[in-house]
Every structure is written in structure tokens, then in C-alpha cells.
Amino acid sequence: GDLLCVSGDLGAAYMGLTVLQREKQVFLNAPEASIELAGNDYIVGRQLKPEARKDIIEFFAAENIIPTSMIDISDGLGQDLGHILKASHVGAKVYLDAIPAADALQALPNIEKWQHQLNGGDDYQLCFTMSQANFAKFQQIYPEQVFCIGEITAENSLHLFYNNTKVNVEI
């Protein structure tokens, strides 16, 4: 019954890596060509200068909110959430349309966007679970910093939904 939350948008670091790899290939094929990173500052920055969400940890401490589980998202949401589920012997329902995405990912087809969000790493956002009461308290004091993307279930499996319809996405 706990809520599954993340501390910010996911997939931007992986998208930044994709842009950097593309530009590296351009350079290797034509060293005289100029590298084009304009308009990709946010996603490239997320890859090159990741920032841990210490502000969320400090907020939890200051408000005496204790999440029931937590992990940083360094290996991708799918893998890191899997660590929580395995260690806790629980399952989860994840609503893909609730996962926040950077603007650069919005133009991608859903399946590609979800692959970036679920499998891309290095976002260094936090994935955590908390009671509904603590989530409500968090939202009142610190709005728009934490996003509820699902819920924990007793069943030992992960189910992904989009528009309340179960979907199969490779994780």
C-alpha cells in the first residue's frame, strides 16, 4: 500500500549520453566538423554533471519523514526499483505516464521514452516508498519535488501501466 515515488525527471542523462555518442561519432568520421550540442544543455549536463538529490534527504531529516525504502537511480529505474522489490519481497504497479520526463524526451515515441526512463542510468534521482500520509505531508510542504509513479503490492512482481492499461516494456 505504500506509494512509489521519484524525486525528478528520468531518462535525461541517458538521452545526454546518446547525444554525446552521436557527436563523438561525427568527430571521429570528420574531425573538421563542428560538434553540435546547442539546445541539449540540460540533457548533456545531466550526463556530464550529475547531482545527487541531497536536498530531498535533508528535507526528510528536517521534517522527520522516514521513507520505507530508498535507492538512488544510477542504473535505471527498472533495475534500481528491482533492488527495492527484491530486498523487500514485494511487487509494484508503475504508471508509466506518471514518470516525469525531461522536455527532450517528450518528442520520442512512448516506447522509446520509457526505455530511456526505465533502462537509462545516471539520473541520480531518488526512488523511494512512503506511506500515503507522509506523501501528503511532503506535497504540502515541498510541492513539485516528488512524483508518485505507482504503488507497492504484496504480489512479488512488477506490472507496468499506461493510461490504466497494462503494457509490456522490456526492462
Side-chain angles (χ1 to χ4, degrees), residues 1-19 22 39-47 50 53 56 59-60 65 67-171:
D2 280 357
L3 299 179
L4 176 61
C5 304
V6 294
S7 62
D9 65 73
L10 301 178
Y14 183 71
M15 186 75 160
L17 177 61
T18 302
V19 167
R22 177 194 72 203
N40 294 306
D41 296 348
Y42 179 73
I43 61 173
V44 169
R46 290 288 301 274
Q47 177 62 40
R53 293 301 307 264
I56 302 291
F59 178 82
F60 283 147
I65 295 174
T68 50
S69 66
M70 181 182 292
I71 193 167
D72 73 325
I73 303 172
S74 57
D75 296 327
L77 177 63
Q79 187 169 344
D80 290 324
L81 173 58
H83 296 314
I84 288 176
L85 300 180
K86 184 176 179 181
S88 303
H89 306 289
V90 295
K93 291 181 182 178
V94 175
Y95 301 98
L96 297 169
D97 43 335
I99 301 173
D103 291 342
L105 272 74
Q106 297 299 344
L108 297 175
N110 278 338
I111 194 74
E112 192 174 335
K113 178 175 79 172
W114 299 333
Q115 292 296 341
H116 280 70
Q117 292 177 304
L118 294 171
N119 300 318
D122 299 328
D123 283 305
Y124 294 100
Q125 296 290 354
L126 297 172
C127 175
F128 56 94
T129 58
M130 63 175 24
S131 70
Q132 293 182 19
N134 277 341
F135 182 75
K137 179 180 179 183
F138 195 100
Q139 287 295 89
Q140 286 177 345
I141 300 169
Y142 209 48
E144 299 180 28
Q145 293 297 312
V146 168
F147 304 86
C148 178
I149 63 165
E151 59 195 79
I152 299 300
T153 64
E155 184 183 331
N156 241 355
S157 59
L158 176 61
H159 299 283
L160 305 174
F161 294 86
Y162 177 69
N163 286 335
N164 294 319
T165 302
K166 191 172 179 181
V167 296
N168 293 316
V169 177
E170 191 173 316
I171 297 179

Check: Under 3.5 Å, is there a donor-acceptor pair between the side chain of Gln117 and the main chain of Asp9?
Finding: no
Checklist line | Closest approach of Gly8 to Pro100 (non-hydrogen atoms, all atoms of both residues) | finding: O-CG, 3.3 Å
Margin query: Under a 3.5 Å distance rule, please check whether Asp122 uses its side chain to pair with a backbone N or O of Ala13 as donor and acceptor.
Written below: no
Item checked: Qualifying residue for side-chain contact (heavy atoms from CB on, under 4.5 Å) with Ile73, from Val6, Leu126, Leu81 -> Val6
Notebook entry, point to check: So, the side chain of Asp123 versus the backbone of Leu10: is there a donor-acceptor pair under 3.5 Å, distance only?
Noted result: no
Margin query: Pair Tyr124, Arg53 - check side chain to side chain contact (heavy atoms under 4.5 Å, CB included), show working.
Written below: CA-CA 7 Å; Tyr124 294 100; Arg53 293 301 307 264; over 6 Å; no
Note to self: So for atom CD, which belongs to Gln139, do other residues, nucleotides or ligands contribute more than 12 heavy atoms lying within a distance under 6.0 Å?
What the structure shows: yes
Check: Could you go step by step and tell me if Thr68 and Asp2 meet the side chain to side chain donor-acceptor pair (under 3.5 Å) rule?
Finding: CA-CA 8 Å; Thr68 50; Asp2 280 357; 2.6 Å; yes
Checklist line | pair Val169-Gln115: side-chain heavy atoms closer than 4.5 Å | finding: yes
Item checked: Atom pair CD (Gln125) and SG (Cys5), whose distance is rounded to the nearest 0.5 Å -> 12.5 Å
Next item on the list: To the nearest 0.5 angstrom, please state how far the CD1 atom of Ile149 sits from the CG atom of Leu96.
Entry: 8.5 Å
Notebook entry, point to check: Of the non-hydrogen atoms in Ser74 and Asp80, which two are nearest, and what is the gap between them?
Noted result: N-OD2, 2.9 Å
Margin query: Check whether His116 reaches the backbone of Glu112 with its side chain - one donor and one acceptor, N or O, closer than 3.5 Å.
Written below: yes
Item checked: Derivation and outcome, side chain to side chain contact (heavy atoms under 4.5 Å, CB included), residues Ser131 and Leu3 -> CA-CA 6 Å; Ser131 70; Leu3 299 179; over 6 Å; no
Check: How about Asn163: does its CG atom have over 12 heavy atoms from other parts shown lying under 6.0 Å from it?
Finding: yes
Notebook entry, point to check: Got a second to check how far Gln132's CD is from Cys148's SG, nearest 0.5 Å?
Noted result: 8.0 Å
Checklist line | Option from Ile152, Thr153, Leu158 for which side-chain contact (heavy atoms from CB on, under 4.5 Å) with Glu155 holds | finding: Thr153
Margin query: Is there a side-chain contact between Val146 and Phe135 in this structure, where contact means two heavy atoms from C-beta onward sitting under 4.5 Å apart?
Written below: yes
Checklist line | Nearest-0.5 Å distance, OH of residue Tyr95 to OG1 of residue Thr165 | finding: 11.0 Å
Next item on the list: For side chain to side chain contact (heavy atoms under 4.5 Å, CB included), just list the numbers for Leu4 and Glu151, CA-CA rounded to whole Å, side-chain angles, deciding distance to a tenth of an Å, and then say yes or no.
Entry: CA-CA 5 Å; Leu4 176 61; Glu151 59 195 79; 5.8 Å; no
Check: Taking the inter-plane angle between the rings of Phe60 and Phe128 on a 0 to 90° scale, is it parallel (under 30°), tilted (30 to 60°) or perpendicular (over 60°)?
Finding: perpendicular
Margin query: Walk me through whether Leu108 and Met15 qualify under side chain to side chain contact (heavy atoms under 4.5 Å, CB included).
Written below: CA-CA 11 Å; Leu108 297 175; Met15 186 75 160; 4.2 Å; yes
Checklist line | Minimum-distance pair of heavy atoms, taken over all atoms of Tyr14 and Gln47 | finding: N-OE1, 4.4 Å
Check: What distance separates Cys127 SG from Gln79 CD, expressed to the nearest 0.5 Å?
Finding: 12.5 Å
Check: Hey, does the side chain of Thr129 reach the backbone of Ser69 with a donor-acceptor pair shorter than 3.5 angstrom?
Finding: yes
Notebook entry, point to check: Is it true that a side-chain atom of Gln106 and a backbone atom of Ala101 form a donor plus acceptor pair closer than 3.5 Å?
Noted result: yes
Notebook entry, point to check: Does some side-chain heavy atom of Phe59 sit less than 4.5 Å from a side-chain heavy atom of Ile56?
Noted result: no
Notebook entry, point to check: Rounded to the nearest 0.5 Å, how far apart are CG of Asn110 and CG of Asp97?
Noted result: 8.5 Å
